[in-house]
There are 2 protein chains.
Amino acid sequence: MAVVIRAVRETDRPLYRAPCGACATCDVRTMAVCAALADDEVEALESIMTATHLQANEMLVQEGDPRSKVFTLTSGMLRLSVGLPDGRRQITGFLLPGDYLGLADDEIYTASAEAVGAAALCAFPVRQMDALVERFPKLKDRLHRFTRAALRQARENQLILGRLAPVEKLASFLVLLSDRAVEHRLPASPVSLPMPRADIADYLGLTVETVSRSFTKLRNQGLVAMPDPHSIEICDRRALAAVAGLPPH
Amino acid sequence: MAVVIRAVRETDRPLYRAPCGACATCDVRTMAVCAALADDEVEALESIMTATHLQANEMLVQEGDPRSKVFTLTSGMLRLSVGLPDGRRQITGFLLPGDYLGLADDEIYTASAEAVGAAALCAFPVRQMDALVERFPKLKDRLHRFTRAALRQARENQLILGRLAPVEKLASFLVLLSDRAVEHRLPASPVSLPMPRADIADYLGLTVETVSRSFTKLRNQGLVAMPDPHSIEICDRRALAAVAGLPPH
DNA sequence: CGAGATGTTGAATATAATCAAACAACGTGG
DNA sequence: CCACGTTGTTTGATTATATTCAACATCTCG
């Protein structure tokens with residue numbers, strides 16, 4: 001009988017545990033904000049966390065809505081975007097597993113977030129998260145560090161949007177994604193592009209046609225190969241970085 | 001005699017006091033990061049502070065240099081910029097009195113900062129500043145708040161750079177400067193443009209010629225008047241905001 | 001298998017960059 | 001004080017290039 005009781009408890013817990021198991025065994029445990037906490041401290045985070053799943057193109061938060069929750073993405077990809085009244089859209093960034101959603105905002109979300117494909121994340125009510133942040137200074141420091149990194153990235157993006165030609169923009173995007181893949185212990189090539197061309201266009205300030213033509217140019221120059229539109233092999237990473245106008249790194 | 005001694009002390013102090021007098025009487029006391037501290041607490045900040053002055057176009061920090069100091073601008077204007085190897089430049093923002101320089105960076109400066117005209121600022125060694133930030137949690141919180149605001153601004157800039165037409169870019173720039181002037185208790189119009197056209201171009205991702213032509217268009221549409229190139233009267237703020245593709249606010 | 005969504009390519013058009021020149025403002029030195 | 005060169009701004013003509021409009025190809029999925 002005791003065994004049965006234990007089993008019930010086990011099956012109840014998944015409602016409030018991380019998508020890939022408890023935080024302790026989570027894929028992004030070492031890179032997300034929760035890495036600031038020791039294993040016994042994450043339990044506090046876990047206790048206010050709700051695991052959430054999104055379908056492709058499902059909207060998670062909408063620009064202008066009150067900021068009621070913050071999130072850590074555990075799998076999949078999110079696009080962050082801001083829009084104009086006439087429908088024009090700028091994607092300000094793509095979130096990968098381990099990234100935090102809610103760094104920039106105070107009272108209301110200033111950007112929308114949608115899932116590119118299926119995605120999973122941990123949701124935290126802001127009030128309870130704020131309390132935890134006060135309780136664990138390391139957590140606050142790590143959030144601040146993430147915010148600074150996001151600010152540097154946003155400024156880098158200003159350079160890309162304001163001063164790079166279309167092929168240069170695309171090259172810099174591919175190098176960025178490749179570098180991020182490496183941070184996630186994935187191969188630098190081929191790089192996976194789960195988002196449609198329209199998203200890349202709205203991220204780089206171009207039209208879909210120009211994005212497509214820029215891919216073709218990079219392919220014709222032998223810098224990349226495209227087994228399919230959503231998978232890009234980087235043939236010459238150094239030359240690609242040079243096209244992007246970036247130091248070889 | 002006592003009078004003479006007091007006079008000597010008075011003339012010695014300026015070496016280590018804020019440009020406009022002690023912190024307690026500083027112009028930006030209420031808006032800069034130091035507003036987080038009570039009057040008796042700012043003394044700690046004052047004690048590690050060095051007043052600095054810059055001439056027009058003098059470089060304060062250079063992209064890539066080790067981040068040894070952080071600053072609060074007390075008068076004048078700074079331009080923040082990032083550059084490409086071939087000389088192309090993107091200005092990521094203009095700093096006004098009360099703004100903090102050093103929000104985004106960790107070990108090294110990721111952007112250069114130069115004075116637009118003559119400028120004055122408070123300089124703080126990072127090591128000592130870090131210690132004060134730990135000592136005064138309110139100071140850390142205010143810095144974090146500033147960083148979040150800078151991130152929101154940088155994302156707004158991505159929209160402007162990626163999706164607005166030249167006249168729209170310029171209109172949004174003028175509205176931004178006007179709003180910031182109001183925050184500084186200055187009139188919303190005329191707005192002062194101390195920077196050259198080349199800076200505006202590098203901020204908006206345009207050429208100087210296109211900036212100039214866009215000014216002419218706004219003038220011909222009766223939205224602004226230009227008594228001289230560095231002073232812009234906003235004739236129809238609502239229409240200007242509409243051109244910028246922004247909500248009327 | 002067909003229909004819609006997504007991606008690529010082609011031709012045209014619009015538009016910002018480039019090249020060039022005129023003009024104004026300013027400080028310097030004769 | 002004025003001529004002069006310098007710098008910054010504006011305007012004009014031309015060119016390069018990304019967008020637009022259009023067609024076609026490819027892929028997905030009922």
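Throughout, protein chains are lettered first and strands after them, A, B, ... in sequence-line order, and every chain is numbered starting at 1. Values below: every heavy atom of this structure, side chains too, minus hydrogens, waters and symmetry copies.
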Just the rounded figure in Å: distance from P of C/dA16 to CZ of B/Phe215. 16 Å
Before we go on, tell me: are the rings of A/Phe71 and A/Tyr100 under 6.0 Å apart, centre to centre? no
I need the CG-P distance between B/Asp199 and D/dG8, as an integer number of Å. 10 Å
Value in whole Å for how far the P atom of D/dT7 lies from CG of B/Asn57: 12 Å
Check whether any side-chain heavy atom of A/Tyr109 lies under 4.5 Å from a side-chain heavy atom of A/Gln62, and answer yes or no. no
Is the shortest side-chain N to carboxylate O distance from A/Arg67 to A/Asp105 below 4.0 Å? no
Could you tell me the separation between the CG atom of A/Leu96 and the CE atom of A/Met31, rounded to the nearest 0.5 Å? 8.5 Å
Partner of B/Ile232 under side-chain contact (heavy atoms from CB on, under 4.5 Å), chosen from B/Leu193, B/Leu177, B/Leu223: B/Leu193
Could you check how far CE of B/Met226 sits from P of D/dT11, rounded to whole Å? 7 Å
Rounded off to whole Å, could you give me the CG-to-P distance for the B/Leu204 and C/dT15 pair? 19 Å
State whether A/Arg197 and A/Asp202 are salt-bridged, where the test is any N-O pair (Lys NZ or Arg NE/NH1/NH2 against Asp/Glu carboxylate O) under 4.0 Å. no
Detail all sub-3.5 Å separations between protein N/O atoms and N/O atoms belonging to nucleotides 17-20 of chain D.
unit_1 : atom_1 : unit_2   : atom_2 : d
D/dT19 : OP2    : A/Thr207 : OG1    : 3.2
D/dT19 : OP2    : A/Thr210 : OG1    : 2.2
D/dT20 : O4     : A/Arg213 : NH2    : 2.8

Side chains of B/Arg152 and B/Asn157: donor-acceptor distance under 3.5 Å anywhere? no
Are B/Glu168 and A/Arg88 ion-paired here, with the side-chain N under 4.0 Å from a carboxylate O? yes
If you check every side-chain atom of B/Thr216, which of C/dT9, D/dT9, D/dT11 has the closest atom? D/dT11
Contact residues, residues 228-236 of chain B to DNA chain C [heavy atom, < 4.0 Å]: none
